[in-house]
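Whatever order the structure lists them in is the order used to number ligands and atoms, beginning at 1. Computed over heavy atoms, backbone and side chain alike; hydrogens, waters and symmetry mates excluded.
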Amino acid sequence: MEFSFEVVKNDKKTRARRGVIKTAHGQIATPAFSPVATKATLKALDPKDIKKTGSQVVLGNTYHLYLQPGLRVISKFGGFAPFMGWAGPTITDSGGYQVSFLKDYSHKDENDRSGGIIRITDEGAVFRSHIDGGKYLLTPELSMEIQKILGADIIMALDDPESYDRTLKWEERSFTHWKKIKSKQSLFGIVQGGIDPKLRKKSLDFVLSMDFPGIAVGGKTIGADPKITAKALDTIVDLLPEDKPLHALGLGGGPEGIFEAVERGVDIFDNSSVTRMARTGLLFVYPQDGGKRENKFRVDIAKKKYKSEFDPVSKVCKCYTCQNFSMAYINHLFKSHEILAQRLATIHNVTFVNDLMNRTRESIEAGDFLALKSHWLS
Ligand SMILES: [Zn+2]
């Protein structure tokens, strides 16, 4: 068995749990953060940097990698991880999210060659590539085939974030095809249904009936607002099985969102805004640095007030950036549009979130998860 999940310790007061996911490419101590390497790169960082940020796993995007560089190239390398030189565990999404969110929801004219959705039917999603205007049909079966070649340890069933009923059909087809092609990857079923308890429960029951190795929770409610994320997770928390890892797709909301999710049993999550924010100069800070719920635990480093600040971004952070550079220098790099700005900022933000997860894991082990949460959010 190449994939396993084990709970090492349950928090007594909440659903938070400390666990270990084992994959063919190494272990993931959970709860864990997976940074997003959309196009087989965690923008501005190479694999050595990624490792130094404390990252245990990275997530690649099926939609992007399928279109560029394409499966012929990736298959020569035996997957996107060897292609990018990353030796650790990996995850891919199904492509469904990107396809649905191409431009807007307005279905396009068949002959319009700019990127976007043409139509979504029960068969699959017909879309045009945002790169070259080529027309594609993404089906659950194709998503499984693509993800097999991309070679991640954890893969996702194809869902349609906009249609609950279609998601059920597509998940079943994903599961059937995954069995048929005898993929050794671990397929996660996706629980949809927003904040409607009935739909969430129905969706979870369906996923559980198929014995997926793991469960992912997706949809817009897992996005930006921690309160809505908490509400959405509350609809399924008590129904979740003990023996399966729970992945939150695109979990947003910074530290607050992370605490709400971990409290409700989320074992692993990905999020692309951690790195995207870094590239615009939004850097995370600890409570000791003045980070709080109101400022979303972040500073805008390009602001004038940091222009001659001698201190590092965070006095607590152990990252390469904080150990070696002042806020003034990073402010200067952003103001003068130097590419080093993006690398140093990304190193900091990814290290910060990984360190937060490390602290979370330690607090669950020590039995004081809620104390850590209130220290951050009070
Ligand atoms: Zn730092």
- [ ] Flag the pair Leu42 / Val36 as yes when at least one side-chain heavy-atom distance between them is below 4.5 Å, and no otherwise.
- [x] no
Open item on the list: Could you check whether any side-chain heavy atom of Phe269 comes within less than 4.5 Å of a side-chain heavy atom of Ile258, counting everything from C-beta outward?
Closed with: yes
- [ ] At a cut-off of 2.8 Å, list the protein N/O/S atoms near the Zn ion (ligand 1), residue plus atom name.
- [x] Cys317 SG, Cys319 SG, Cys322 SG, His348 ND1
- [ ] Answer yes if the side chains of His332 and Tyr306 hold a donor-acceptor pair under 3.5 Å, and no otherwise.
- [x] no
Under 3.5 Å, which donor-acceptor pairs do the side chains of residues 65-77 form with other protein atoms, sequence neighbours left out?
unit_1: Ser75; atom_1: OG; unit_2: Leu71; atom_2: O; d: 2.9
unit_1: Ser75; atom_1: OG; unit_2: Arg72; atom_2: O; d: 3.1

Task: Tyr136 ring center within less than 6.0 Å of Phe127 ring center - done: yes
Open item on the list: Quick check on the hydrophobic clustering: are Leu372 and Val8 connected, directly or via other members, by side-chain heavy-atom contacts under 4.5 Å?
Closed with: no
